[in-house]
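Protein chains get the first letters and strands the later ones, always in sequence-line order, with residue 1 at the start of each.
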There are 2 protein chains.
Amino acid sequence: MELTTPEPLHMECGRFSSVLSSIGDKWTVMIVLTLTGRPRRFNEMKRVVGGISQQMLARTLRALERDGMLTRTVHPTVPPQVEYALTDLSRSLAGPIRQLGTWAGAHIDRIEGNRSAFDAARAAA
Amino acid sequence: MELTTPEPLHMECGRFSSVLSSIGDKWTVMIVLTLTGRPRRFNEMKRVVGGISQQMLARTLRALERDGMLTRTVHPTVPPQVEYALTDLSRSLAGPIRQLGTWAGAHIDRIEGNRSAFDAARAAA
DNA sequence: CGGTATCCGACCTGATACTG
DNA sequence: CAGTATCAGGTCGGATACCG
């Protein structure tokens, strides 16, 4: 047991993995970003996000709602209207997400270059 | 096209998705955390991480190496020794990751509570 | 020791069709 | 409009066996 790299880090990691995998999945961050500024309705989001299937949008929204990351408000009109909006919880995530986005923006070119170089080296071998 | 939520955000998101999904996958963050402080050898990491299969460790290490997030150094000894170490790139990611970890630590209890409440409500219905 | 190859089940994702 | 149901393909992740 190394005191310099204590085990608790890994235990935390285990607890946090569900949060990290949410952030890492294909649509979550994009959907949350789409809701910054103002609430959106289902098909409105489908159009704005672009490329997402109806099912994946429904699933992702349900998962976020379950986590308390957004609210689902049904307006009993005809045709039915359902609005999705961010919560305090998801808004508090904006800061860390932005940090990550900034990092990605600063390093994505390098990363893609690294990938190309790695693949080229492998192809040569 | 809304000027309040400009499209470029989504285009960035598309470019960054490969980075986000790396962070979100099951083992990447844990492996990177394991390497903070000092380099590690293959089976050493397998023991420390715990629960990871040999194949997934190899795959994840290869993906990280491809991105330039770690170096792979082979010492031509018998038996062979291979050391993995962080790079400047992966070390620069430590800050944003820590932010995210802090956020997760602060809110994980609430999130898990939300999930339980949501599931209970669904089960009742 | 440090991998790669193969197989397999589970899950993720999308397309399509259908419902209130 | 806002979903759910069903099916099909692909990917993820682990177990096992084998190689240098």
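- Taking every side-chain heavy atom of F42(B) into account, dG3(C) is the closest of dT13(C), dG3(C), dA17(C).
- Distance CE (M56(B)) to P (dG3(C)): 15 Å, rounded to an integer number of Å.
- Rounded to whole angstrom, the span from the CZ atom of R62(B) across to the P atom of dA5(C) amounts to 11 Å.
- When all heavy atoms of M69(A) and S90(A) are compared, the closest pair comes out as O-OG, 2.7 Å.
- Side-chain contact check for Y84(A) versus R72(A): some heavy-atom pair is nearer than 4.5 Å.
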(request) Please step through side chain to side chain donor-acceptor pair (under 3.5 Å) for the pair T28(A) and D25(A), ending with a clear verdict. (result) CA-CA 6 Å; T28(A) 300; D25(A) 94 17; 2.9 Å; yes
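- Contact of the D67(B) side chain with the N114(A) side chain is not registered, since no non-hydrogen atoms from C-beta on lie closer than 4.5 Å.
- Here the P atom of nucleotide dT6(C) and the CZ atom of R59(B) are 13 Å apart, to the nearest Å.
- We find the CG-CG distance between L100(A) and L20(B) to be 5.5 Å, quoted to the nearest 0.5 Å.
- The pair E112(A)-R115(A) fails the salt-bridge criterion, with no side-chain N (NZ, NE, NH1 or NH2) lying under 4.0 Å from an Asp/Glu carboxylate O.
- By the 4.5 Å heavy-atom criterion applied to side chains, M56(A) and K26(A) are not counted as neighbours.
- A salt bridge is defined here as a Lys NZ or Arg NE, NH1 or NH2 lying under 4.0 Å from an Asp or Glu carboxylate O, and D88(B) with R91(B) meets this definition.
- On the nucleic acid side, DNA chain D has its first and last nucleotide under 4.0 Å of a heavy atom of chain A at dC1(D) to dT6(D), going 5' to 3'.
- As rounded to whole Å, 10 Å separates atom P of dG2(C) from atom CG of L57(B).
- Between R38(B) and E44(B), at least one side-chain nitrogen of the basic residue sits less than 4.0 Å from a carboxylate oxygen of the acidic one, meeting the salt-bridge criterion.
- Summary of the strand contacts: P80(B) and Q54(A) both lie near DNA chain D, and taking for each the nucleotide with the nearest heavy atom, the more 5' one is attributed to Q54(A).
- The separation between I52(B) atom CD1 and dG3(C) atom P is 13 Å, rounded to whole Å.
- We find that CG of D25(B) is positioned 17 Å from P of dC11(C), with the value rounded to whole Å.
- Closest approach to the S53(A) side chain among dA15(C), dG2(C), dT13(C) is made by dA15(C) (side chain taken as heavy atoms from C-beta onward).
- Rounded to 10°, the helix from dC1(C)-dG20(D) to dG20(C)-dC1(D) has 40° between the axis fitted to its first five pairs and the one fitted to its last five.
- Regarding Q55(B), its CD atom lies at a distance of 9 Å from the C1' atom of dA5(C), rounded to whole Å.
- Here the C1' atom of nucleotide dG2(C) and the NE2 atom of H75(B) are 13 Å apart, to the nearest Å.
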